[in-house]
Every structure is written in C-alpha cells, then in structure tokens.
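Below you'll find the structure, written out as structure tokens, and then a few comments.
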2 protein chains.
Amino acid sequence: MSSGSFKHDLFSQFARVGKALSNANRLELLEFLAQGERGVEELAKVSGLSVANTSQHLQQLRQAGLVTARKQGQHVYYSLSGEDVVQLLGCLRRVAEQHVAEVEKLVNTYLTVKDDLEPLPREELLERARKGLVTVIDVRPPEEYAAGHLPGAVNIPLSELEAHLQELDPEQEVVAYCRGPHCVLAFDAVERLRKKGLKARRLEDGYPEWKLMGLPVESSGPAENNEPQTEKEPAP
Amino acid sequence: MSSGSFKHDLFSQFARVGKALSNANRLELLEFLAQGERGVEELAKVSGLSVANTSQHLQQLRQAGLVTARKQGQHVYYSLSGEDVVQLLGCLRRVAEQHVAEVEKLVNTYLTVKDDLEPLPREELLERARKGLVTVIDVRPPEEYAAGHLPGAVNIPLSELEAHLQELDPEQEVVAYCRGPHCVLAFDAVERLRKKGLKARRLEDGYPEWKLMGLPVESSGPAENNEPQTEKEPAP
DNA sequence: CTAGTATTCAAGTAATTTATTGAATAAATG
DNA sequence: CATTTATTCAATAAATTACTTGAATACTAG
C-alpha cells in the first residue's frame, strides 16, 4: 500500500531531526546557539572540537532544520532556526531528567549543593525584581551576555566573580543565572558567593528558557530579535 | 576541568534519548505505543518488522527511558513511560514540520485533500459536540479504540467504513480522528465519506494529543489510566 | 514432564557515523 | 595579484547501528 511508504517516509524525516539530537557534541553546540548567534570558530573553541568537525556537525544540524546559517564577509554565523527548537531541547532535557536514572545520579554527584540551594522560579524572580529586592547577575561570558540577557542583569563572568564582589550589596539577595537549568556556571557562582557570606540563589533556568517564555530581554551587542512574537510579513 | 566532563556526561545522557528518536522504525513504534499499551508481537505485526528486531528496538527505547515494560504471563506489554514522552514526540513533529522542507513536500503529495478540508481544532469539536451537532468517529483499529478513545466516539475502522455508512446521519457533520496529526486514516476516511456525499471533517490531531491536553477520554477494553493528572502515592 | 509459545540473547554482516587529516573555496587585505 | 583567514569538502580509519539468523530462556498448557 502507498500509505505505508508515506508513513515511513514521514517518520524518516522526523528521524532526521532525532539524529541531529543523537550526539552529545551536537547538543552542546545547540546549547551554545540557544544563547545567541555565533561563528564557527567561536563554537569550535568553546566546545573543544576541531573547526572542521564543528563545521560538519553544524551542517548536520542545518540539514535537520535546527539551525540556520548567515554568511557575512568571510564569516558564517549560525543560530537556532526558531523558538520551537529551544522548546524541543527543553522537552528532551525534561524527558531525560524524568526517565533516565543516570541524569539524576550525575546531577547529584557533581552538583552537590543542589539540595541546599533550591532554585528560584521565574515568576518569583520577576516579583522580587519589581520590588527591588534582588540583584540579578549573569555569569555567562560577555559575548553571550551581549547577545541578550535579562533586563537589569549585571554581567559578572565566573572568572571575575571575586574581583566584582564589592559591587554587590551584602544585604541584598543575589540571583545568578546562566545558560540553562543544568549549566554549572550559576551553581558555581552561588557556591562561591555563599562562601563569601552573601545571600545567593540560582534562577531555576537559564536565559534561553526565559526568552522562550516571552519575558522581556535586553541586548547590548549586535542587534538581536527582541520581540516575543515576531510577525513575518512579506516585503510590501 | 571537572565541569567539562560533567557537561559532556550530561549531554551524553540527553543524547541517548535523541538516539532513541533517530530511527524511523522506532518513531513508528512510539506512535503505536502512544495509542496505548501493546505486546511485542502485535507491535511487530503492525510495524512490519521481525519480532526479534522489534524486541531490540523496544529495548533501546526502554534504555532511553521512553517506554516501560510490564510482564504478564508469557507476554511483555510495552507502553510509553509518561505523558512527557507524547509531548516530546509532538515537539519533534512540530519542529520537523516547521523546518524540514521535505515534510511539507511529502504531506502535499500524499495528502492532496489537505487544503480542501481544513482540520477542526480540539476546542471547536468540544463545543459542537456539546451542542450535539457532530458525530465523532474513531477510524483506528478496534484494539486501539478499546485502549482509549474520545468520549462518545463510534469506532468505525477504515476497512469497514462503507459497511457502516447507514449508521451516519447525512444531515449531521462527521468528524474523524485517528492516531495523530499526520496519520492517513482520518484523511482517507474524510475523503471517502465526502465522495459518498456526507459532510465530513478531520480532527486537527489524534487521540494521544487529545489525552495529553487532559481532555476526557473513555476506554472499553482492559483498564487504562483515565485521570488527567495521576497522583502517585506509595502503597499505604 | 513435554511440547508449544512469546520474548530475548548472541553472532555476524552490511551500512552508517564520528573524528582526523589535508586539500579546496571564497572573501578580505596588502 | 599574492597572501592570509574562515569555512567547507574529501578521503580515511575506528566505532556504532540495523537487521538477520538461529539458539536460549521463561512461562503455559496438556
């Protein structure tokens, strides 16, 4: 029957997307891209892969429709091809968290502080920020901060945390966030801030999830798409 | 640094879930399982794979945490390990639809009727059903209907469609649904009903999506979990 | 206990995937 | 135009995956 072949062809296409998600290095690239647009060499550096290998992975991601490439001069800038990709990654993470025992084990052994510092949900942060009760710090590297960050957040990359201590009010609670719910940066930051006697907590999730929910974001560097829902109109 | 290895290990676990989704046959198995619990041999038959091969795929799915196995007598019954898996599959489908050009091409060539019969959204069906304006038919095979179906839906498997025509009121609109948004069964049913001069439309999505939204479902066969949110309590 | 059925395991082969290497484009700069 | 820089392509070896086949296990029924 012809419908059998249709079904199989369709599932093969879905499987292409699955294949793109079937490799740890590609998932890492996707997490970096969820912070904002980046060039190939940059991605190679932060992910620790060779440039050629990075390029090949990016092309696989592009063929699966998860990322898009923009060529400018001799550079090629990659970015996620839509908000739905961030959502897909979130689903994947949630399913793994929920059903893959190893994930919990890993989190418990590496992120020992976890129980101690219960993460702050988005809504609560919004409320406290409105009342001026918290200082929000973004502990990602400056490029990612520049591509987009929570409104009012101060960029203090992890490496310079100690140097910026005096900027933080010891009376006010500090909330740190980074790339996502399992990114170590914010965990580390909170741990170190607490050792210094500050009141510190971690935002439940990272910048991509915040933006996905349509909450306001700011960006300093090159122009980024800030609107929650973008309406695409054909040229007039 | 140790955090690098943590990150990689974590992404490797996420990638295991991605791997499970990287094969067309496994995705097809997951779609069948989204209709309800099924035995290995049954799954092998409907998917057209050998039993041994089906078993191996199921084990991969189990290791990725996507399905669970229940042994009863000499049979092993598999089912999805949670609602979040249905959601993940939905995300995957949506991303593919949105960003993989081939999907649209396939849908357009095989499901030619598509433009003509705009699908009916969930909410509208609920509203019209409340007013008694529509007849809802479930065109899946009886086993799947038995495992769970929309309340008030009549089971008319596609093969017996013509034989049951007189049961349908020619004045009332007929709404057909099946396994999911791209399942051919409902498309086929609508096409054939229209040829017979009936007013027929297709529900936007299938049974698993309906259930996922927490909407009411009925089941006739062996007991199924009907509650929208199940609270898991340890034995008293 | 024996025969039968459902499922899984184990071994083998063909195909696919990953990462490496070195060469090929393609744009910018002197 | 030649050189540098960023990226991609092509060829390769090692590892992994998909499916087949035949045997092993586990449970049921006679």
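First the proteins, then the strands, lettered A, B, ... as listed; each starts at 1.
Nearest to the side-chain atoms of A:Q74 among the listed nucleotides C:dA11, C:dT7, D:dA6 stands D:dA6. When the nucleotides C:dT7, D:dT5, D:dT8 are ranked by their closest atom to the side chain of A:V51, D:dT8 comes out on top. The side chain of B:A52 lies closest to D:dG22, out of C:dA19, D:dG22, D:dC27. When the nucleotides C:dA10, D:dC27, C:dT8 are ranked by their closest atom to the side chain of B:K71, D:dC27 comes out on top.
Distance CG (B:L43) to P (C:dA6): 14 Å, rounded to an integer number of Å. When the C1' atom of D:dT21 is taken as reference, atom CD of B:Q56 falls 11 Å away, rounded to whole Å. As a whole-Å value, the separation of A:R70 CZ from D:dT8 P is 14 Å. Rounded to whole Å, atom C1' of D:dA11 lies 15 Å from atom CG of A:N53. Straight-line distance from the CG atom of A:L49 to the C1' atom of C:dT17: 15 Å, rounded to whole Å. A:L29 places its CG atom 12 Å from the P atom of C:dT18, with the value rounded to the nearest Å. Atoms OH (A:Y77) and P (C:dA27) sit 15 Å apart, rounded to a whole Å. Rounded to an integer number of Å, the gap from A:Q63 CD to D:dT8 C1' is 13 Å.
The aromatic rings of B:F11 and B:F14 sit perpendicular, their planes meeting at an angle over 60°, well past the 30° parallel limit.
DNA chain C is contacted by A:K19, A:N23 of residues 11-23 of chain A, taking any non-hydrogen atom closer than 4.0 Å.
At C:dT8, one or more side-chain N or O atoms of B:S55 fall inside 4.0 Å of OP1 or OP2 (strictly under the cut-off). Taking side-chain N and O atoms only, A:Q60 has a distance below 4.0 Å to OP1 or OP2 of C:dT18. Checking the phosphate oxygens (OP1, OP2) of C:dC9, a side-chain nitrogen or oxygen of B:Q59 falls inside 4.0 Å. Note on B:H57: a side-chain N or O is less than 4.0 Å away from OP1 or OP2 of D:dC19. Contact check, B:Y78 against C:dT8: a side-chain N or O comes under 4.0 Å of OP1 or OP2. Contact between the side-chain N/O atoms of A:N25 and the OP1/OP2 oxygens of C:dA19 is found at a separation under 4.0 Å. For A:S50, no side-chain nitrogen or oxygen approaches OP1 or OP2 of C:dA19 to under 4.0 Å.
Not one N or O on the side chain of B:Y78 forms a donor-acceptor pair closer than 3.5 Å with the backbone of B:L29.
A:R62 comes within contact range of no nucleotide atom at all, as no heavy-atom separation falls under 4.0 Å. Residue A:Q72 is classed as having no contact, given no heavy-atom separation below 4.0 Å to the nucleic acid.
The CG atom of A:D138 sits 9.5 Å away from atom OH of A:Y207, with the distance rounded to the nearest 0.5 Å.
Under the 3.5 Å distance criterion, with hydrogens and angles disregarded, a donor-acceptor pair is assigned to the side chains of A:R16 and A:Q13.
Taking 4.0 Å as the cut-off between side-chain N and carboxylate O, B:R122 and B:E209 do not count as a salt-bridged pair.
Nearest-nucleotide positions on DNA chain D place A:H75 closer to the 5' end than the other of B:R26 and A:H75.
Side chains of A:R94 and B:D84 form no contact here, defined as non-hydrogen atoms less than 4.5 Å apart.
Around CD of B:E160, the count of heavy atoms belonging to other residues, nucleotides or ligands within 6.0 Å exceeds 12.
In this structure, B:R202 satisfies the cation-pi test against B:F187, with its NZ or CZ atom closer than 6.0 Å to the six-membered ring centre and inside 45 degrees of the ring normal.
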